[in-house]
Protein chains: 2
Amino acid sequence: MSASEPVAERPRRPDNPTKGDRREQAILDAAEALLEERGLDPVTVEQIAAGAGISRASLYFYFGSKQEVVTALVARTMGVTRDDADTLAAEVDVPPQTTIERSIRRIEKQWLDHGVVMRAAVDNAPSNPEVREIWRGTVDLYVDLLGDVLVRAGVPDDGGPTGARALAKGLAWMGERNFYIASAISKAEVRRVAETVLAIWFSTIEDRVG
Amino acid sequence: MSASEPVAERPRRPDNPTKGDRREQAILDAAEALLEERGLDPVTVEQIAAGAGISRASLYFYFGSKQEVVTALVARTMGVTRDDADTLAAEVDVPPQTTIERSIRRIEKQWLDHGVVMRAAVDNAPSNPEVREIWRGTVDLYVDLLGDVLVRAGVPDDGGPTGARALAKGLAWMGERNFYIASAISKAEVRRVAETVLAIWFSTIEDRVG
DNA sequence: TGCAAAATCGACGTCGTGTTGACAATGGAT
DNA sequence: ATCCATTGTCAACACGACGTCGATTTTGCA
């Protein structure tokens, strides 16, 4: 913000690259790498620690549990998705269909780039309340965003189960599930499914606006 | 195959209500009950065994692992859903919309009656290949059934990502995900979501048939 | 009644998690 | 330069849950 206080105001800030902070990132990187080759369940704390170049006991200095590691990893990845949603929400002067298409494209890209972590998030949500909150919160961002867009497009909303908001919720979770399944198959399948998802969004609008 | 060997050919058939077979069912019942109050993860083999009135070691006489218990439980519940799909598939002389509505209603009922097991199935699918197969196989039954219905309703299918089959797949998984979330909230929410899901199915058809 | 198959269980080995307490490195103030 | 609190590291331990083994009892049928 201001250039009058140039350096070293707070010694223990996340932007202050402490030795330990680097280790923390190394742990998350190791976890993500392990996630890539094995699944999530088979990955052990021992392996993550080894991947980060420390002992298992040392890992517990940084994270209180295996769950916390996963939570931090998911949070790191979902930060991007949340920023995307904010960016999209700021675009008010474009036609509704454009916002929807851009949203789906962003989500598609996220699944293409970070499929492993995204799938781990979905898989862990049932047993990890923190991850569940992060995940649902992020989906909700898009539910709200696209709910508004649907209303703007002319889809009526009486607050009931066939109103714009309810439809947006149903359609958003349709995307989530279909991308999840596709991302476990191949990147080509993710791209294919993006078209299907988009088609259903558009059909729903078309039919409800007329 | 042949009727020349009338009775008692195999003394260990599932329709032969052996003492042990009853225990097997008792174990599944106990597992289902435990699933109801606690989650799936926190349930221990010890508790399931206790619920069935046997020791932990004895349970391993019937099932090779905790996973196998869950698998058997899921299989038992999904049997009904599969039968439903067969029944629906046999109804060829009714209008497409009717088949779709009836399908959604059957699925809705299944989530209302067996939400706990259904959710356990979804939660375990990632880490349990057998459950995953059962689950996906059942969903596929409806994908095929409703894909045919879509074609019959006049939705074109070029085999691509916006063809009738692809749409049916996307819409079927939309239902799965939305029912899953709703069933963790309340029965009322399940009923509400059924309306939303139905609305999206109908909108997709309407827009694509015209 | 006899007896093989079915069923039961105590005790054990293993694996992965998380904790403890003692020890080493780090880096800023003096 | 050195002191010392903070930060970081780890071996060893305790615990809980899973799955196995061998010995023992129960069952049902000839």
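Just so we're on the same page: letters track the sequence lines, and every chain starts at 1.
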>> Applying side-chain contact (heavy atoms from CB on, under 4.5 Å) to Thr99(A) and Arg152(A), what does each step give before you reach the verdict?
In response: CA-CA 11 Å; Thr99(A) 303; Arg152(A) 195 142 51 82; 4.2 Å; yes
>> On the side chain of Arg56(B), is there an atom forming a donor-acceptor pair with the base of dG19(D) - under 3.5 Å, no angle test?
In response: yes
>> Could you check whether Asp158(A) pairs with Arg165(A) (Lys NZ or Arg NE/NH1/NH2 to Asp/Glu carboxylate O, under 4.0 Å)?
In response: no
>> For Lys109(A), is there an ion pair with Asp113(A) - N to carboxylate O distance below 4.0 angstrom?
In response: yes
> Picking from Thr98(B), Leu88(B), Asp84(B), what satisfies side-chain contact (heavy atoms from CB on, under 4.5 Å) with Ser103(B)?
Replying inline: Leu88(B)
> Can you find a side-chain donor-acceptor pair between Gln110(B) and Thr81(B) that sits under 3.5 Å?
Replying inline: yes
>> Using a strict threshold of under 4.0 Å (side-chain N to carboxylate O), is an ion pair present between Arg105(B) and Glu101(B)?
In response: yes
> Phe63(A) CZ to dG8(D) P: how many Å, rounded?
Replying inline: 12 Å
> What are the residues of residues 34-49 of chain B, sorted by number, that bring a heavy atom to within less than 4.0 Å of DNA chain D?
Replying inline: Thr44(B), Val45(B)
Check nucleotides 3-5 of chain C against the protein and report each pair of N or O atoms closer than 3.5 Å, with its distance, or say if there are none.
none

> Rounded to whole angstrom units, what separation is found between the CD atom of Glu24(A) and the C1' atom of dT7(D)?
Replying inline: 13 Å
> So which one's nearest nucleotide on DNA chain D is more toward 5', Ala57(A) or Tyr60(B)?
Replying inline: Ala57(A)
>> Name the residue from Arg22(A), Arg76(A), Arg23(A) that meets the salt bridge (charged side-chain N to carboxylate O under 4.0 Å, His left out) definition with Asp29(A).
In response: Arg76(A)
